[in-house]
Amino acid sequence: MSNQRRAARLPSTGLSDRRGRALRDLRISVTDRCNFRCVYCMPKEIFGADYRFMERDELLSFDEIVRIAAAAVALGVDKLRLTGGEPLLRRGIEELIGRLAELRTPDGRKPDLALTTNGSALRVKAGALRAAGLDRVTVSVDSLDEGRFQAINDVRFPLHRVFDGIAAAADAGLGPIKINAVVKRGVNDDEIVPLAERFRELGHTLRFIEFMDVGASNGWELGDVVPSAEIVRRIDAVHPLEPVSASREGETAQRWRYRDGTGEIGVISSVTGAFCGTCTRARVSAEGRLFTCLFASSGYDLRELLRGSADAAGATDAELRDALSGVWGRRDDRYSELRSALPPEAARDRERIEMSYIGG
Ligand code: SAM
Ligand code: SF4
Ligand code: SF4
């Protein structure tokens with residue numbers, strides 16, 4: 001079984017990094033806070049009562065986020081994703097979505113506007129998000145077992161409320177809905193087939209994500225990773241699959257469809273099948289640092305550029321675009337590819353930014 005990835009094509013602006021990759025996707029983290037404490041992302045021992053989250057004035061304002069997104073769209077980005085932390089915790093998120101939904105690419109198209117959420121507030125917010133102009137949601141669900149789901153989110157959040165949220169999102173027209181499931185060996189790998197079956201019945205595309213060594217607090221070990229090839233093999237043994245070619249350049253998931261035509265799944269092989277060669281994504285943290293790789297240890301301070309300082313005025317839109325294209329033009333990141341060549345300890349000990357900070 002094989003799946004092909006197409007090389008990233010340059011957008012009309014011609015902006016490309018040192019490896020010829022275009023800037024196409026911008027993931028914007030709108031908060032570093034979350035109401036869950038998923039054990040693989042924000043373990044309680046680290047993100048406890050003493051943890052210092054960002055203050056309100058440290059966060060990018062909506063005006064600042066819209067200016068950054070507009071600059072990125074002018075440079076070729078046609079996919080915006082809001083994330084976090086938990087993006088639905090950011091007060092007034094609908095207003096931000098409304099403003100982002102007004103942006104247009106240089107050739108007059110509305111960029112695809114998506115949001116990744118744990119689903120806890122979707123039941124209440126789905127209608128308003130859609131009305132504001134959100135196109136799609138991705139919801140994270142790692143287990144179908146109530147007890148296990150609550151043990152993973154570690155705040156006893158009930159699974160059925162996330163399912164209510166997914167149903168509300170579908171009713172509101174926030175589809176096609178994608179579901180993300182992080183698979184960790186010995187934790188939920190026995191649910192690979194049941195998860196696939198459940199979301200196939202519901203008509204949503206499930207994407208299995210290999211447990212990543214992102215951040216420094218989740219105790220990652222290579223042995224915890226269930227390789228995508230194994231996930232595909234296990235599902236294929238019960239429900240035969242065939243590969244589907246990528247629908248878009250730079251797509252993170254390798255797609256597989258059920259041979260009986262009942263839907264498809266995706267696998268995101270961040271550990272075992274690096275896809276840096278087609279990586280067209282940049283990320284902005286909630287406090288405005290621009291990262292050109294999920295595994296970067298430092299980011300470019302866009303907030304300072306926008307706000308200026310005692311001796312420098314804030315940047316104009318043209319200066320902001322120049323800064324973005326300069327950072328992207330210097331980009332040479334390919335952490336996942338290089339990680340495969342490192343001994344596991346070296347990969348583990350490297351300084352990295354937490355997923356809840358940089359935005360997944
Ligand atoms: N709170 C939202 C959510 O959970 O969907 C959005 C932010 S979360 C950081 C984005 C995605 O990153 C989620 O699907 C989550 O499962 C995934 N994620 C977090 N830590 C991860 C890790 N160590 N390995 C793989 N995926 C991870
Ligand atoms: Fe929160 Fe999402 Fe991280 Fe879970 S994965 S702790 S829901 S940010
Ligand atoms: Fe992109 Fe960095 Fe992930 Fe490679 S490791 S796919 S460059 S974010």
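All residue numbers refer to positions in the sequence shown, counting from 1. Ligands are counted one by one from 1 in listed order, and the atoms in each one are counted from 1 as well. Side-chain atoms are counted along with the backbone in the values below, which use heavy atoms only and exclude waters and symmetry mates.
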Exercise. Where does T117 meet ligand 1, judged by heavy-atom distances below 4.0 Å: at the side chain, the backbone, both, or neither?
Worked result: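 Within the 4.0 Å criterion, T117 contacts ligand 1 through backbone atoms alone.
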For this session: Answer side chain, backbone, both or neither: which part of T116 comes under 4.0 Å from ligand 1, heavy atoms only.
Result: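 Within the 4.0 Å criterion, T116 contacts ligand 1 through backbone and side-chain atoms alike.
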By number and element, which atoms of ligand 1 are closer than 4.0 Å to a non-hydrogen atom of [X]?
| X | answer |
| --- | --- |
| N180 | 14 (O) |
| N118 | 2 (C), 3 (C), 5 (O) |
| I209 | 25 (C), 26 (N) |
| E86 | 1 (N), 2 (C) |
| T83 | 6 (C), 7 (C) |

Exercise. Does E304 use its side chain to pair, donor to acceptor, with the backbone of S309 at less than 3.5 Å?
Worked result: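 The answer is no, because no donor-acceptor pair under 3.5 Å joins these two groups.
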Exercise. Does S325 have any side-chain hydrogen bond (donor to acceptor under 3.5 Å, both in side chains) partners at least two apart in sequence or in another chain, and if so, which?
Worked result: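 Per chain and number, S325 pairs via side-chain hydrogen bond (donor to acceptor under 3.5 Å, both in side chains) with no residue.
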Give the atoms of ligand 3, by number and element, whose distance to some non-hydrogen atom of [X] is under 4.0 Å.
| X | answer |
| --- | --- |
| F275 | 6 (S) |
| C279 | 1 (Fe), 6 (S), 7 (S), 8 (S) |
| S336 | 5 (S) |
| D333 | 7 (S) |
| Y335 | 5 (S) |
| F295 | 5 (S) |

Exercise. With only distance considered, is P87 within less than 3.5 Å of ligand 1 through an N or O on each side?
Worked result: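 For ligand 1, there is no N or O atom that lies under 3.5 Å from one belonging to P87.
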Less than 4.0 Å between a side-chain N and a carboxylate O, is that true for [Y] and [X]?
| X | Y | answer |
| --- | --- | --- |
| R289 | D301 | yes |
| R123 | D164 | yes |
| E337 | R19 | no |
| R303 | E58 | no |

Exercise. What salt bridge (Lys or Arg N to Asp or Glu O under 4.0 Å) pairs are there with at least one residue in residues 168-180, not counting sequence neighbours?
Worked result: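 Sorted result for residues 168-180: empty, none.
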How many angstroms lie between atom [atom1] of [X] and atom [atom2] of [Y], to the nearest 0.5 angstrom?
| X | Y | atom1 | atom2 | result |
| --- | --- | --- | --- | --- |
| I231 | D236 | CD1 | CG | 13.5 Å |
| T252 | F275 | OG1 | CZ | 5.5 Å |
| T316 | L305 | OG1 | CG | 8.5 Å |
| L129 | R136 | CG | CZ | 14.0 Å |

Tell me the protein heavy atom at minimum distance from [atom], and give that distance in Å.
| atom | answer |
| --- | --- |
| atom 2 (Fe) of ligand 3 | C293 SG, 2.3 Å |
| atom 4 (Fe) of ligand 3 | C276 SG, 2.3 Å |
| atom 8 (S) of ligand 3 | L294 N, 3.3 Å |

Exercise. Please, which pairs that meet ring-ring contact (aromatic ring centres under 6.0 Å, His included) have at least one residue in residues 133-157, sequence neighbours excluded?
Worked result: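 Residue pairs with at least one partner in residues 133-157: F36-F157.
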Exercise. Within 45° of the six-membered ring axis of F62 and under 6.0 Å from that ring's centre, is NZ or CZ of R99 located there?
Worked result: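 Ring-cation test returns no.
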Exercise. Do any protein N, O or S atoms sit under 2.8 Å from atom 1 (Fe) of ligand 2, and which ones are they?
Worked result: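 C34 SG, with waters left out.
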For this session: Could you check if a side-chain atom of E242 sits within less than 4.5 angstrom of a side-chain atom of R257, using non-hydrogen atoms only?
Result: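 Counting from C-beta outward, E242 and R257 do come under 4.5 Å.
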Problem set entry | For atom 6 (C) of ligand 1, the option (of S270, G85, C34, S140) bearing the nearest heavy atom |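 That would be G85.
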For this session: Kindly identify the option in Y40, F211, W220 whose heavy atom sits closest to atom 21 (C) of ligand 1.
Result: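 Answer by nearest heavy atom: Y40.
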Exercise. Under 30°, 30 to 60°, or over 60°: which ring-plane class applies to W220 and F211, parallel, tilted or perpendicular?
Worked result: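 W220 vs F211 ring planes: tilted.
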